[in-house]
2 protein chains.
Amino acid sequence: MIKNDIALEIEKYSDFNRAKSLLIVDAILSNLKKSLDNDEKIEIRGFASFRVVPKKSGFGRDIRKKKQIRIKKGKRIKFRSGQDLKNI
Amino acid sequence: MIKNDIALEIEKYSDFNRAKSLLIVDAILSNLKKSLDNDEKIEIRGFASFRVVPKKSGFGRDIRKKKQIRIKKGKRIKFRSGQDLKNI
DNA sequence: AAGGGCAATATCATTCTTGATCATTAATCC
DNA sequence: GGATTAATGATCAAGAATGATATTGCCCTT
């Protein structure tokens, strides 16, 4: 499933063309990103929740040189399935 | 951020009322769930991807009895941040 | 406006993911 | 459709998630 499939769903409930439907999808995604950028959690009951948590991992690995690499700390997105997605 | 905020975004681009906007949001979420139910991956470039992977964990813990518990295998959703969500 | 019901939290050991990079595959822009 | 560019897979070690359950908090339906 890709972005286009989401736009198709919007078209089912409106008379918007593909371009406008995609515009709305992008606007929604942009808002979701903006929310996480601001360290705000996203919670959609019955689907899933997203939260921003500090990244503590301190080491990674360079596959070519087969050596460890320091990883700068930062943030990451923590995803958690909601009720309806728990048992699939 | 909650489901209502997503509906608000749809209203910005349409003349739909809250009820209809929420109907569309639910329809989209339903489609996403249906896709994962069918073991189909979701890939939204620039945002994130979701995939269904087998659950291999075999043990959990009962916090009250402080004992280990067998966990039945199954499936779970694997979330992966996209390019724009990597560096937040 | 408000209650019903789902989500967050804490706990511990085992299992799994994170993280950089290059090549390959595929989503998305035009 | 073609071209562009992001996502996936592989690797290894250390850090983090998983999983059950009751309680608290709050989203969401009526």
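No experiment lies behind these values; they were computed from the predicted model shown.
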[X] has an atom [atom1]; how far is it from atom [atom2] of [N], in whole Å?
X	N	atom1	atom2	value
A:Ile77	D:dA16	CD1	C1'	16 Å
B:Lys75	D:dT18	NZ	C1'	18 Å
B:Leu8	D:dC28	CG	P	12 Å
A:Met1	D:dA7	CE	P	18 Å
B:Lys33	C:dC6	NZ	P	12 Å
B:Ile44	D:dT8	CD1	P	12 Å
A:Ile42	C:dA7	CD1	P	15 Å
B:Phe50	C:dA27	CZ	P	16 Å

Using only side-chain N and O atoms of [X], determine if any of them is under 4.0 Å from OP1 or OP2 of [N].
X	N	answer
B:Lys78	D:dG9	no
A:Lys3	C:dC29	yes
B:Gln83	D:dA7	yes
A:Arg51	C:dT9	yes
A:Arg76	D:dA17	yes
B:Arg80	D:dA7	no

If you define the side chain from C-beta out and look only at heavy atoms, does anything of B:Glu9 sit under 4.5 Å from A:Ile24?
no
Can you find a pair of side-chain heavy atoms, one from B:Lys41 and one from A:Met1, that are under 4.5 Å apart?
no
Protein N or O to nucleotides 2-5 of chain C N or O, pairs below 3.5 Å:
| unit_1 | atom_1 | unit_2 | atom_2 | d |
| --- | --- | --- | --- | --- |
| C:dG5 | N2 | A:Arg45 | NH1 | 3.4 |

Compute the bend angle of the helix from C:dA1-D:dT30 to C:dC30-D:dG1 from the end axes (five pairs per end), rounded to 10°.
170°
Could you tell me whether a side-chain N or O of B:Asp26 sits under 3.5 Å from a main-chain N or O of B:Leu23, the two making a donor and an acceptor?
no
Classify the ring geometry between A:Phe50 and B:Phe79 as parallel (under 30°), tilted (30 to 60°) or perpendicular (over 60°).
perpendicular
Could you walk me through whether B:Arg76 and B:Val52 pass the side-chain contact (heavy atoms from CB on, under 4.5 Å) check?
CA-CA 6 Å; B:Arg76 51 177 289 271; B:Val52 180; over 6 Å; no
Side-chain ion pair, A:Arg51 and A:Asp39, N-O less than 4.0 Å:
no
Between B:Phe47 and A:Phe79, name the one whose nearest nucleotide on DNA chain D is closer to the 5' end.
B:Phe47
Considering heavy-atom distances to DNA chain D, does A:Glu43 or B:Ala48 have its closest nucleotide positioned more toward the 5' end?
B:Ala48
What distance do [X] atom [atom1] and [Y] atom [atom2] have between them, rounded to the nearest 0.5 Å?
X	Y	atom1	atom2	result
A:Ser35	A:Ile42	OG	CD1	4.5 Å
A:Leu36	A:Lys78	CG	NZ	13.5 Å
B:Lys34	B:Asn31	NZ	CG	5.0 Å

Of A:Leu22 and A:Lys41, the one whose closest DNA chain C nucleotide lies more 5':
A:Lys41
For A:Ile28 and A:Val25: C-alpha separation, side-chain torsions, deciding distance, then whether side-chain contact (heavy atoms from CB on, under 4.5 Å) applies.
CA-CA 5 Å; A:Ile28 292 174; A:Val25 174; 5.8 Å; no
